[in-house]
Amino acid sequence: MITLQPYRKDDASAWNALVDGSKNGTFLFDRRFMDYHADRFDDCSLLFRQGSRLLACLPANFCADEQTVYTHQGLTYGGLVMADSVGAADVLHIFGLLTDYYRHELAARRFVCKPVPHIYCTQPSDEPLYALHRFGAQLTARGLSSAVSLRHPLPLQARRRSGIRKAEAAALRIERTDAAADYEAFHHIVATGLRQRHGVEPVHSAAEMLLLAARFPHNIHLYVERTADGSDIVAGAWLFVTRRVVHTQYMAASEAGRGMGALDYLIANLIDRYRDVPDLTTFDFGISTEEGGRVLNEGLIFQKEGFGGRGVCYDQWTLEL
């Protein structure tokens, strides 16, 4: 028999061990990552056991105003995180338990799930997609990301190669850094670009970026690109490195950097750096869509496709309870 248990703080070690050994989990589900912004969300995460054995966990938060459970609003993706041993019948049973729990204990009216995209999984893990279909969920958003195969990359487009030549001529220097001053400088570049282009602020502050990098030094990497004399940072990329995927969480160049082809040089360099890392298969740029996928930012995706990026869907399913 599979049983359900609401997550408690003293479950953190067991939770993290399951995530680390799961077939579809990443460090984003580690409670040390999830809980850095715990004050912003009403956590309603769940654990599922068979006897004393932990089978699965569900990162989730409840939005009372909407009477909606999300998996999870503080994460890029979420959904059911499963041990290798979990099969289709187990997942159907688990979905029955979690929908009954949220309906009766929280009076939730809907369940919104963002399953882990397949590129992050170490084993086939689409059982939750089948369960969502069986329970009557509808696909309500579909973001389109662009990802490069690290094992079989496509050739760079001519425009990207031209940018690389400009950066090489300017003798730009790329390095990985953990320095607080570099984080502050890169965050300023990111924030300036987001304000000018979209009128929004970065999700993370520079202090939060430093905090997370300190907690996950093997998974969170900042690369910056400096002028030849080292005096200025003209571009950078903040990367989340999971077992299979390198994901560009933030990537930006200053106005001066854009004129020197800084991002073209940086991205091509990073793809080369990670190509020979064991188990890594994919370099993922993130989505180029807006309004739940109804709008495609063609300029943005053109740049990513210039590096050989091709489509990966980030989906959202909604189940009326």
Inset, instruction - Let me see the working for Phe186 and Trp238 under ring-ring contact (aromatic ring centres under 6.0 Å, His included), right down to the final yes or no. - result: CA-CA 9 Å; Phe186 174 64; Trp238 196 46; 8.1 Å; no
Inset, instruction - Could you please spell out the steps behind the salt bridge (charged side-chain N to carboxylate O under 4.0 Å, His left out) verdict for Glu208 and Arg40? - result: CA-CA 14 Å; Glu208 288 172 336; Arg40 303 178 200 172; 2.2 Å; yes
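- Note on Phe135 and Tyr101: same hydrophobic cluster, where clusters join Ile, Leu, Val, Met, Phe, Trp and Tyr whose side-chain heavy atoms are under 4.5 Å apart, directly or indirectly.
- In summary, Glu201 and Arg195 engage in a salt bridge, as defined by a charged side-chain N under 4.0 Å from a carboxylate O.
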Legend entry - Verdict with reasoning, Ile2 to Leu55, per side-chain contact (heavy atoms from CB on, under 4.5 Å): CA-CA 9 Å; Ile2 299 174; Leu55 294 182; 3.9 Å; yes
Legend entry - Derivation and outcome, side-chain contact (heavy atoms from CB on, under 4.5 Å), residues Cys63 and Tyr70: CA-CA 8 Å; Cys63 183; Tyr70 290 93; 3.9 Å; yes
Inset, instruction - Determine, step by step, whether Asp279 and Arg243 satisfy the salt bridge (charged side-chain N to carboxylate O under 4.0 Å, His left out) criterion, reporting the C-alpha distance in whole Å, the side-chain angles of both residues, the deciding distance to 0.1 Å, and the verdict. - result: CA-CA 7 Å; Asp279 298 328; Arg243 287 176 286 184; over 6 Å; no
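- For NZ of Lys166, the number of neighbouring non-hydrogen atoms (other residues, nucleotides, ligands) closer than 6.0 Å is 12 at most.
- The neighbour count for Arg109 CZ, taken as heavy atoms of other residues, nucleotides or ligands under 6.0 Å away, does not exceed 12.
- Atom OG1 of residue Thr289 and atom CD1 of residue Ile301 lie 8.0 Å apart, to the nearest 0.5 angstrom.
- Rounded to the nearest 0.5 Å, atoms OG1 (Thr140) and CZ (Arg110) are 10.5 Å apart.
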Legend entry - Worked verdict on Glu127 versus Lys23 for salt bridge (charged side-chain N to carboxylate O under 4.0 Å, His left out): CA-CA 12 Å; Glu127 293 89 354; Lys23 62 181 179 177; 3.2 Å; yes
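- Evaluation of the side-chain hydrogen bond (donor to acceptor under 3.5 Å, both in side chains) rule for Arg244 yields no partner, not counting sequence neighbours.
- Following chains of ILVMFWY side-chain contacts shorter than 4.5 Å, one can reach Ile267 starting from Leu150, so the two form part of one hydrophobic cluster.
- The structure places CD of Gln303 at 10.5 Å from CD of Gln157, a figure rounded to the nearest 0.5 Å.
- Here the side chains of Leu172 and Val234 are in contact, with some heavy-atom distance below 4.5 Å.
- The local environment of CD in Glu255 is sparse, with at most 12 non-hydrogen atoms from other residues, nucleotides or ligands closer than 6.0 Å.
- With respect to the salt-bridge test (charged N to carboxylate O, under 4.0 angstrom), the residues Glu168 and Arg173 do not qualify.
- More than 12 heavy atoms of other residues, nucleotides or ligands shown are found within 6.0 angstrom of CZ on Arg176.
- Here CG of Asp43 is found 7.0 Å from CG of Asp35. Values are rounded to the nearest 0.5 Å.
- Between Phe283 and Tyr274, the angle of the ring planes lies from 30° to 60°, which puts this pair in the tilted group.
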Name the atoms and distances for all side-chain donor-acceptor pairs under 3.5 Å in residues 75-85, with sequence neighbours left out.
from, atom 1, to, atom 2, distance (Å)
Tyr77, OH, Thr26, OG1, 3.0
Ser85, OG, Arg53, NH1, 3.1

Inset, instruction - Would you please test Tyr265 and Ile174 for side-chain contact (heavy atoms from CB on, under 4.5 Å) and show each step? - result: CA-CA 9 Å; Tyr265 186 50; Ile174 297 169; 3.8 Å; yes
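- Met251 and Leu300 sit in two unconnected hydrophobic clusters of ILVMFWY residues. Membership requires side-chain heavy atoms under 4.5 Å apart, directly or through other members.
- Donor-acceptor pairing under 3.5 Å is lacking for the side chains of Asn269 and Tyr223.
- For the pair Phe111 and Leu98, the minimum side-chain heavy-atom distance is below 4.5 Å.
- Annotation: the span from Leu154 atom CG to Arg310 atom CZ amounts to 5.0 Å, rounded to 0.5 Å.
- By the neighbour-count criterion of 12 heavy atoms within 6.0 Å, atom CD of Gln138 is sparsely surrounded, having that number or fewer from other residues, nucleotides or ligands.
- By the 4.5 Å heavy-atom criterion applied to side chains, Val112 and Trp317 are not counted as neighbours.
- Figure legend: Arg215 and Phe27 shown without cation-pi pairing, the cationic atom not lying both under 6.0 angstrom from the six-membered ring centre and within 45 degrees of its axis.
- A donor-acceptor pair shorter than 3.5 Å cannot be found between the side chains of Asn24 and Ser125.
- A heavy-atom distance below 4.5 Å is found between the side chains of Val241 and His221.
- Placement of Tyr102 and Leu319 within a single hydrophobic cluster is found when ILVMFWY residues are connected by side-chain heavy-atom separations under 4.5 Å, directly or transitively.
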Inset, instruction - Kindly indicate, with the supporting measurements, whether the criterion side-chain contact (heavy atoms from CB on, under 4.5 Å) is fulfilled by Val246 and Leu280. - result: CA-CA 7 Å; Val246 181; Leu280 286 177; 3.7 Å; yes
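- Side-chain heavy atoms closer than 4.5 Å link hydrophobic residues (I, L, V, M, F, W, Y) into clusters, and following such links, even through other members, never connects Ile220 to Leu270.
- Residues Gln316 and Cys113 have side chains not in contact (no heavy-atom distance under 4.5 Å, counting atoms from C-beta outward).
- Between the side chains of Ser288 and Asn297, no donor N or O sits under 3.5 Å from an acceptor N or O.
- In this structure, His247 NE2 and Ile119 CD1 are separated by 9.0 Å, a value rounded to the nearest 0.5 Å.
- Between Phe285 and Phe307, the two ring planes are tilted [angle within 30° to 60°].
- Aromatic ring pairs are classed by plane angle as parallel below 30°, tilted from 30° to 60° and perpendicular above 60°; the pair His204 and Tyr250 is perpendicular.
- Looking only at atom types and distance, the side chain of Arg32 has no donor-acceptor partner in the side chain of Tyr36 under 3.5 Å away.
- Enclosure of atom NE2 in His37 by more than 12 non-hydrogen atoms of other residues, nucleotides or ligands within 6.0 angstrom is indicated.
- Residue-environment remark: CD (Glu320) exceeds the threshold of 12 foreign heavy atoms within 6.0 Å.
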